[in-house]
Protein chains: 4
Amino acid sequence: MGSTPQARRSDTRERIQKTALDLFVSHGYEKTSLREIAEALGVTKAALYYHFKTKEDILSAISRDLGRPVDELIAWAEEQPPTPETKRELLRRYSAALASAMPVYRILQENQATLRDLAVGRELRDRVTAISRLMHAGDLESGCRMRVTSAVLTVHFGAFTLDGAFTPDEEAGTAEQRREALLGVALDTLSGAYSPAPTPALAPDHA
Amino acid sequence: MGSTPQARRSDTRERIQKTALDLFVSHGYEKTSLREIAEALGVTKAALYYHFKTKEDILSAISRDLGRPVDELIAWAEEQPPTPETKRELLRRYSAALASAMPVYRILQENQATLRDLAVGRELRDRVTAISRLMHAGDLESGCRMRVTSAVLTVHFGAFTLDGAFTPDEEAGTAEQRREALLGVALDTLSGAYSPAPTPALAPDHA
Amino acid sequence: MGSTPQARRSDTRERIQKTALDLFVSHGYEKTSLREIAEALGVTKAALYYHFKTKEDILSAISRDLGRPVDELIAWAEEQPPTPETKRELLRRYSAALASAMPVYRILQENQATLRDLAVGRELRDRVTAISRLMHAGDLESGCRMRVTSAVLTVHFGAFTLDGAFTPDEEAGTAEQRREALLGVALDTLSGAYSPAPTPALAPDHA
Amino acid sequence: MGSTPQARRSDTRERIQKTALDLFVSHGYEKTSLREIAEALGVTKAALYYHFKTKEDILSAISRDLGRPVDELIAWAEEQPPTPETKRELLRRYSAALASAMPVYRILQENQATLRDLAVGRELRDRVTAISRLMHAGDLESGCRMRVTSAVLTVHFGAFTLDGAFTPDEEAGTAEQRREALLGVALDTLSGAYSPAPTPALAPDHA
DNA sequence: GATGAATGAGGGTTCATTCAT
DNA sequence: AATGAATGAACCCTCATTCAT
């Protein structure tokens with residue numbers, strides 16, 4: 001009954017974000033011009049400026065929207081005690097959050113040089129830094145810290161490369177299955193960080 | 001014995017590469033203009049075109065020069081049998097090679113969107129892919145493959161982030177020490193891939 | 001009597017004029033955008049177009065309102081005989097009128113290039129021309145005319161520069177006092193125009 | 001003799017300045033676009049940027065070139081003792097310098113709002129301020145100062161308006177003749193500043 | 001071995017203005 | 001009485017690249 005086929009108050013703003021996100025992901029932030037975005041939407045460049053103050057502002061809005069799950073995760077983690085179990089859970093949730101917020105983080109990942117001096121770049125990097133900080137919270141011993149770092153690197157960069165250079169194509173299973181398998185490895189690495197066994201940095205046989 | 005007139009043949013080409021490398025690393029490939037490079041060198045833009053065909057060609061030359069150690073590593077690995085010990089050694093050497101070729105790989109890492117459709121981008125990515133492929137050579141079981149992937153991710157991305165978002169500042173030791181510690185963790189993860197113990201992907205407690 | 005509902009008829013039009021005037025004076029006509037005016041008022045650009053037909057129309061209304069004293073002065077002078085005493089009085093009154101209508105004339109003064117082809121620019125210039133014409137009315141001799149010109153220039157441009165480049169900061173007195181002092185000099189110059197003494201243009205010692 | 005019809009090293013830079021000056025004078029600085037300048041010259045906008053860093057830089061070069069006579073005048077005056085005769089001579093020379101540098105000062109005069117926040121605007125204003133300062137040097141008494149101010153205003157603004165609103169068209173003589181006549185009036189006003197007679201500001205009959 | 005001069009294409013951004021609601 | 005949305009034209013500026021000298 002009465003689906004409004006055309007929202008009264010224009011939905012252009014959201015359409016811009018959606019289109020821009022697609023283009024930023026596929027061509028890169030810098031290489032996507034406002035003209036391209038506008039043309040893809042069938043509006044004028046000036047229309048973009050009615051809805052957003054600058055090009056960066058478009059990415060900023062995208063970052064805010066898609067980054068929310070990670071922000072909430074950070075907020076959650078900040079209220080937990082920094083126990084091994086909290087970290088295991090944080091890693092699990094981060095892996096899941098990343099999977100859903102993939103596009104924005106891919107933009108950060110693939111346009112670091114460009115985003116370096118943009119405020120939105122800082123926003124994005126800050127989230128990653130916060131996760132990393134929380135994963136290391138309270139850890140003192142160097143060997144242990146490196147295991148944590150390895151676990152975070154595995155989950156974070158694994159997310160971007162599940163279908164890329166690092167996991168050969170013949171790889172079996174869906175992206176989701178592979179994500180979980182990789183998370184499993186990361187959790188395993190993490191376990192080693194908090195078990196009494198000597199950390200590998202001190203083990204004699206790796207040098 | 002005397003100045004070798006041959007050796008004095010303009011070193012401009014090398015100076016261009018050096019300066020360009022510095023700027024590509026610090027500002028990014030796209031955001032570094034030929035004007036900047038020329039000005040930093042005290043020559044004209046046109047001079048750059050005397051020595052290189054295009055902007056991309058400059059990066060290409062850099063990539064060839066700095067990528068050689070990794071190329072040699074790949075060539076070496078391709079002649080070894082794909083044993084666990086070969087892979088351990090490959091990972092060790094890759095970690096070392098990365099440390100010395102850091103600048104080029106950082107350029108790849110931070111300008112992926114820009115380099116995506118450039119030939120030089122492919123060159124750079126191919127090296128990474130080759131290492132990854134060799135590390136996975138002969139592996140069949142999924143759980144095992146993921147451990148390998150994790151180890152490679154740890155070594156590869158650890159190299160870029162030893163002083164960044166993923167390893168908190170208070171981290172002790174020099175960059176070199178941290179690299180080795182991280183390599184230790186990666187080797188440890190790798191060990192799990194080839195030991196008889198059940199791989200974590202199959203363990204019941206991670207879901 | 002109560003609240004006169006008539007009187008409450010939106011005062012927006014006047015608020016627009018007032019705000020626009022302030023901005024035109026402080027940033028210049030060209031460099032003040034309708035967006036700025038609208039934002040300063042807390043309304044939309046479209047609202048401005050409800051009250052005024054164009055941007056120029058806003059300045060036009062301002063010009064009409066603030067220019068009235070000068071218009072009346074011109075009307076008055078046109079009915080006087082062109083005697084020296086009339087001119088003295090005209091100069092006095094012009095000096096006073098300028099002081100109160102300063103903002104509009106400052107806009108004319110500082111945006112001549114922009115207002116050159118606008119109708120409102122002509123309106124504004126016409127007032128100045130009329131004053132000048134009336135001051136010269138009936139004068140025939142060149143030397144005399146130049147004294148009049150100097151007197152008008154002194155009063156007119158003195159008004160804009162009482163606190164600017166032409167009167168050093170250490171200058172004593174209020175702006176009002178300085179205006180009167182300058183008017184005094186102008187009147188003095190004017191006196192020379194109608195006294196029997198030889199006008200300086202003919203004097204032998206200035207060449 | 002061999003007049004080189006085409007200078008070897010392109011004279012484009014000077015042609016740009018010349019064309020820009022014309023357009024700045026006739027349309028105003030803001031309203032003259034780089035496209036216009038380029039088209040008038042038969043070159044591309046980019047060519048302008050080869051010769052000048054910015055639009056402002058073009059005006060800056062013009063200002064430096066045309067402003068030189070005034071700069072030299074200021075330098076000269078700064079080495080003279082601040083006697084009445086020095087000031088008379090300064091006024092004479094300023095009148096002459098203005099006549100030759102007219103175009104630039106007209107640009108300043110007619111685009112004040114635009115040039116307000118530009119560095120080149122300051123350059124231009126500084127010259128005027130310097131002349132005014134030197135004309136007032138050593139003067140203490142208010143009435144005297146106002147005569148000086150009037151003299152400077154007359155010479156300075158007279159230069160812009162010899163053919164404009166302030167001197168009616170029917171005015172006899174060439175622009176040069178009128179300039180000298182006006183200078184005569186200004187010198188006369190100046191004389192009053194340094195004669196023993198009471199200054200008009202104190203005279204009882206002007207209020 | 002290098003320069004000076006120039007170009008064409010495109011960048012992001014701002015503006016006064018319009019119009020249906 | 002006023003708004004939200006949009007436009008078209010123009011803006012200044014930067015870029016990689018070319019070519020005669």
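Since the model is a prediction, treat every value here as computed from it, not as a measurement. Excluded from the calculations below are hydrogen atoms, water molecules and symmetry mates; all remaining heavy atoms, backbone and side chain alike, are included.
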* Asked: Quick one: is A/Arg35 getting a side-chain N or O under 4.0 Å of the E/dG11 phosphate, OP1 or OP2?
  -> yes
* Minimum heavy-atom distance between D/Leu23 and D/Thr32, given as atom pair plus value -> O-OG1, 3.1 Å
* Whole-Å distance between F/dA5 C1' and A/Arg15 CZ? -> 12 Å
* **Interatomic distance, A/Glu39 CD vs F/dT7 C1' [rounded to whole Å]** => 15 Å
* Pick the nucleotide of DNA chain F nearest each of B/Leu34 and D/Tyr29; which residue has the one closer to the 5' end? -> D/Tyr29
* Asked: Can D/Lys55 be said to sit on top of D/Phe24's aromatic six-ring, NZ or CZ under 6.0 Å from centre and within 45° of the ring axis?
  -> no
* Does E/dA5 have a Watson-Crick or wobble mate here (both distances under 3.5 Å), and if so which one? -> F/dT18
* Asked: Under 4.0 Å between a side-chain N or O of D/His51 and OP1 or OP2 of E/dG4?
  -> no
* To do: Decide, yes or no, whether a salt bridge links B/Lys31 with A/Glu30 under the criterion of side-chain N to carboxylate O below 4.0 Å.
  => no
* **Donor-acceptor under 3.5 Å (D/Ser26 side chain, D/Asp22 main chain)** => yes
* Asked: Do any side-chain nitrogens or oxygens of A/Thr12 fall under 4.0 Å of OP1 or OP2 in F/dA6?
  -> yes
* For E/dT13, give its Watson-Crick or G-U wobble partner with both distances under 3.5 Å, or none. => F/dA10
* Structure fact -> note: C/Leu48, atom CG; F/dG4, atom C1'; distance rounded to Å ~ 14 Å
* Asked: Can you check whether B/Ser33's main-chain N or O pairs, donor with acceptor, with B/Glu36's side chain at less than 3.5 Å?
  -> yes
* Please determine if a side-chain N or O atom of A/Tyr50 lies less than 4.0 Å away from the OP1 or OP2 oxygen of F/dA6. => no
* Asked: Please give, in whole Å, the distance from F/dA16 C1' to B/Lys31 NZ?
  -> 17 Å
* Atom NE2 of D/His27 and atom C1' of F/dC11: how far apart are they, to the nearest Å? -> 17 Å
* Asked: For C/Phe52 and E/dT18, what is the distance between atoms CZ and P respectively, to the nearest whole Å?
  -> 16 Å
* Quick one: B/Glu56 CD to F/dC15 P, roughly how many Å, whole number? -> 18 Å
* To do: For C/Ala46 and for B/Ala47, locate the closest nucleotide of DNA chain E by heavy-atom distance; then report the residue assigned to the nucleotide nearer the 5' terminus.
  => B/Ala47
* Looking at A/Tyr49, does any N or O in its side chain come under 4.0 Å of the phosphate oxygens OP1/OP2 on E/dT14? -> no
* Ignoring hydrogens and angles, are the base of E/dT17 and the side chain of C/Lys45 linked by a donor-acceptor pair under 3.5 Å? -> yes
* Structure fact -> Assert: residue with more 5' nearest nucleotide on DNA chain F, out of B/Ser33 and D/Glu30, is D/Glu30
* Tell me: CD1 of D/Ile37 to C1' of F/dC11, nearest whole Å? -> 13 Å
* Map D/Val43 and C/Lys53 onto DNA chain E by nearest heavy atom, then report which one ends up closer to the 5' terminus. => D/Val43
